[in-house]
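The next block holds one structure in the form of structure tokens; read it before the comments.
Each chain gets a letter, A, B and so on, in the order the sequences are listed, and its residues count up from 1.
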Amino acid sequence: MSRNEFISQLESLLESVNQADRNEIIYDYLEHFDIGLANGKSEEELVKELGDPKVIAKDLLADYRVTKAEEDKSIGNMYKAILATFSLSFFNIVFIVGPVIGIFGAYLALSIAAVVLTISPLLLIPQVIIYGFDNIELNIFATILLCGIGILMSIGMIHTGRFLYNVTLRYIRFNIRVIKGGKAK
Amino acid sequence: MNVQFKKGVLELCVLVLISKKDQYGYELAQNISRKIEVADGTLYPLLRRLTKEEYLSTYLAESTEGPARKYYSLTEKGTDYMNLLVKEWNQFSSAVNDFIEEVLT
């Protein structure tokens with residue numbers, strides 16, 4: 001067997017190894033031939049000394065597969081992390097987004113109502129302009145009452161807002177923890 | 001000689017030889033096959049594994065004749081590992097020698 005036959009046989013046996021690793025492996029044998037030939041050995045002699053390419057390839061492949069299996073573990077981890085993220089986002093979309101939109105919608109509506117009630121005494125101005133001072137006492141009392149309710153509601157809404165903000169924050173932290181936890185496993 | 005037995009010992013020989021002086025693959029093959037009958041080709045997978053496990057490091061150096069050569073040198077981790085293997089080898093070989101002496105002399 002010649003040098004070229006040895007190299008091409010080894011190359012085809014290492015077909016399943018990725019290009020970069022294979023080149024590195026082949027390089028070592030090419031160097032071996034170059035130095036051996038420079039030292040006055042024949043190709044035949046060197047091939048004989050190197051031994052069966054099948055045995056060499058078996059050795060290299062066993063090692064290569066172990067390394068790959070180790071890498072696969074991290075790919076598996078990543079897959080797990082992606083799955084965790086995805087299933088969590090599915091859960092988020094189906095079970096969380098609906099209620100959250102509902103709650104925030106109601107919160108927004110109540111907040112607007114609170115603001116409107118609070119500024120309701122201002123409605124007295126167009127009332128006076130259009131209808132004059134008829135029933136003004138009743139209207140003043142009514143708007144003062146509504147304004148009071150609006151102020152109380154506003155205070156309530158501020159507290160509710162803080163609560164919702166904290167719950168949302170906590171829920172986001174929970175998401176991050178689940179995703180990270182999946183990755184670390 | 002038994003193949004598996006030789007494989008285990010070969011690793012120790014490679015580390016010891018490289019600890020004496022940095023060598024390139026061909027040189028190492030010559031030094032080993034001078035005393036132990038071994039297929040030179042199996043040396044490279046071994047060197048590759050030892051390098052990957054960080055027992056050996058490699059560097060390219062120009063030579064006066066021919067192309068650049070890939071030299072192997074022993075790392076600190078490799079030295080520790082070699083010392084461990086030498087200790088194990090000494091215990092093992094002296095035990096084997098004891099058996100042989102007891103029985104055959």
* **Among B/Ser33, B/Pro45, B/Gly25, residue most engaged with chain A (heavy-atom pairs, under 4.5 Å)** =>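 Counting heavy-atom pairs under 4.5 Å, the top option is B/Pro45.
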* When B/Val38, B/Asp40, B/Leu47 are compared by non-hydrogen pairs under 4.5 Å with chain A, the top option ->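 Sorted descending by pairs with chain A, the first entry is B/Asp40.
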Could you tell me which portion of [X] (side chain, backbone, both or neither) has an atom closer than 4.5 angstrom to a non-hydrogen atom of chain B?
X: A/Asn39; answer: side chain
X: A/Asp28; answer: both
X: A/Tyr27; answer: side chain

Would you say [Y] ends up clustered with [X] if hydrophobic residues are merged whenever their side chains have heavy atoms under 4.5 Å apart, either directly or through other cluster members?
X: B/Trp89; Y: B/Val16; result: yes
X: B/Ile32; Y: B/Tyr72; result: yes
X: A/Leu110; Y: A/Leu164; result: yes
X: B/Leu84; Y: B/Leu12; result: no
X: A/Ile25; Y: A/Leu30; result: yes

Got a sec: does the [atom1] of [X] have more than 12 other heavy atoms crowding it under 6.0 Å?
X: A/Lys48; atom1: NZ; answer: no
X: A/Lys54; atom1: NZ; answer: no
X: A/Tyr107; atom1: OH; answer: yes
X: B/Lys21; atom1: NZ; answer: yes

* **side-chain contact (heavy atoms from CB on, under 4.5 Å) assessment of A/Ile35 paired with B/Tyr24** => CA-CA 10 Å; A/Ile35 299 169; B/Tyr24 50 93; 3.6 Å; yes
* To do: Return the minimal non-hydrogen interatomic distance between A/Ile56 and B/Thr42, and the atom names on each side.
  =>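 Where A/Ile56 meets B/Thr42 most closely, the heavy atoms are CG1-N, 4.2 Å.
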* Asked: For B/Ala39 and A/Gly51, which heavy atoms make the closest approach, and how far apart are they?
  ->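 Closest heavy-atom pair between B/Ala39 and A/Gly51: CB-CA, 4.2 Å.
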* Asked: Rounded to the nearest 0.5 Å, how far does CG of A/Leu37 lie from OH of B/Tyr26?
  ->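 So the gap between those two atoms works out to 8.5 Å.
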* **A/His32 NE2 to B/Leu28 CG distance, which is reported to the nearest 0.5 Å** =>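 Nearest 0.5 Å value for the NE2-CG distance: 10.5 Å.
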* To do: Heavy-atom distances under 4.5 Å only: say whether B/Gln30 touches chain A with side chain, backbone, both or neither.
  =>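 For B/Gln30, the contact with chain A is made by the side chain alone.
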* When you check the gap from the basic side-chain N to the acidic O, do A/Asp59 and B/Arg48 get nearer than 4.0 Å? ->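 Salt bridge absent between A/Asp59 and B/Arg48.
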* Are any side-chain N or O atoms of A/Glu31 and backbone N or O atoms of B/Lys70, one a donor and one an acceptor, separated by less than 3.5 Å? ->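 Checking the backbone N and O of B/Lys70 against the side chain of A/Glu31, a donor-acceptor pair under 3.5 Å is found.
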